[in-house]
Amino acid sequence: MNGRRASCDAAAALRRARILAAVRAIPRGHVAGYGVIARRAGYPRHARLVARILAEHEEPELPWHRVLRADGRIAFPGGSRGFREQCRRLRAEGVRVEAGRVRMPDPGEDLDAAVWGWDGAD
DNA sequence: ATTCTGACCGCAA
DNA sequence: GTTGCGGCCAGAA
């Protein structure tokens, strides 16, 4: 077998595993950005990799809907199937979504559910 | 090796 | 609020 190729695949599998773990770790009712997930998984600047992995995942329990763009908006094109599904799932767990976008935690306002920029400190 | 494509990001107009 | 653009990085062609 080709060792270089094998170690490459292994590295890819590891990235994938760590990223999926980071996504699973987002508490219910909370959200995090692609970049935040990448950073928490140990791969800063790999936001696009997170997106790719979410697009290909096959794990039914994965809370992929808790992952948003850096500005708090849903990454799917508005009106697309994924867009509506993500909206639905988020609202189902108490996250406020308005115009395809999750409300940011304004200072002074006590949001009980949707916490933007969640980074594990909670 | 080179080129193209993303469920992206940050910053400047 | 919006758009545009360069930067980013893995994977496929």
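Only a predicted model underlies this, so the values are computations on that prediction, with no experimental measurement involved. The sequence lines fix the lettering, A, B, ..., with proteins before strands; numbering per chain opens at 1.
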Item to check | Name of the residue among A:Gln86, A:His30, A:Glu93 meeting side chain to side chain contact (heavy atoms under 4.5 Å, CB included) with A:Arg66 | outcome: A:Glu93
Item to check | From CA spacing to verdict: side chain to side chain contact (heavy atoms under 4.5 Å, CB included), A:Val67, A:Val31 | outcome: CA-CA 6 Å; A:Val67 186; A:Val31 293; over 6 Å; no
Checklist entry - Given the rule in the side chain to side chain contact (heavy atoms under 4.5 Å, CB included) test, do A:Val50 and A:His46 qualify, once you have shown the distances and angles that lead to the verdict? => result CA-CA 7 Å; A:Val50 173; A:His46 287 240; 5.6 Å; no
Next on the checklist: Could you tell me how far C:dG7 sits from B:dA7 if I compare only their P atoms? Round to whole Å.
Outcome noted: 22 Å
Checklist entry - Is there a donor on the side chain of A:Arg48 or the base of B:dG6 sitting less than 3.5 Å from an acceptor on the other? => result yes
Next on the checklist: In whole Å, I'd like the distance from the CZ atom of A:Arg39 to the P atom of B:dC9.
Outcome noted: 11 Å
Checklist outcome for this item: Residues at least two apart in sequence or cross-chain that pass salt bridge (charged side-chain N to carboxylate O under 4.0 Å, His left out) with A:Arg16, listed by chain then number, are none
Item to check | Between P of B:dA7 and CZ of A:Arg52, the distance in whole Å | outcome: 9 Å
Checklist entry - Looking for any heavy atom pair under 4.0 Å, which part of the strands does A:Ala12 touch: base, sugar-phosphate only, or nothing? => result sugar-phosphate
Next on the checklist: Heavy atoms within less than 4.0 Å of DNA chain B: which residues of residues 77-89 of chain A have one? Give them sorted by number.
Outcome noted: none
Next on the checklist: For a salt bridge (Lys or Arg N to Asp or Glu O under 4.0 Å) check, start with the C-alpha distance between A:Arg24 and A:Glu61, then their side-chain angles and the critical distance, and finish with the verdict.
Outcome noted: CA-CA 8 Å; A:Arg24 279 185 223 108; A:Glu61 297 303 305; over 6 Å; no
Item to check | Separation of B:dC8 C1' from A:Arg69 CZ (nearest whole Å) | outcome: 8 Å
Next on the checklist: What is the separation between atom CZ on A:Arg45 and atom C1' on B:dC8, rounded to the nearest whole Å?
Outcome noted: 14 Å
Next on the checklist: Rounded to whole Å, please give me the gap between CZ in A:Phe76 and P in B:dA7.
Outcome noted: 8 Å
Item to check | Distance-minimising heavy-atom pair for A:Gly82 and A:Phe76 | outcome: C-CD1, 3.5 Å
Item to check | Nearest-Å distance for atom pair CZ/C1', residues A:Arg101 and B:dC8 | outcome: 17 Å
Checklist outcome for this item: In the 5' to 3' direction, the nucleotides of DNA chain C bounding the stretch that comes under 4.0 Å of a heavy atom in chain A are C:dG1 to C:dA12
Checklist entry - For A:Leu49 and A:Tyr34, what are the C-alpha separation, side-chain angles and deciding distance, and is it a side chain to side chain contact (heavy atoms under 4.5 Å, CB included)? => result CA-CA 9 Å; A:Leu49 181 59; A:Tyr34 291 89; over 6 Å; no
Checklist entry - Start at the 5' end of DNA chain C and walk down; is the nucleotide closest to A:His46 or to A:Arg73 reached first? => result A:Arg73
Next on the checklist: What I want to find out is whether A:Arg89 reaches A:Glu85 closely enough, with some N-O distance under 4.0 Å, to be called a salt bridge.
Outcome noted: yes
Checklist entry - How long is the line joining CD of A:Glu56 and P of B:dT5, in whole Å? => result 17 Å
Checklist entry - What pair of heavy atoms forms the shortest contact from A:Gly29 to A:Val95, and how long is it? => result O-CG2, 3.6 Å
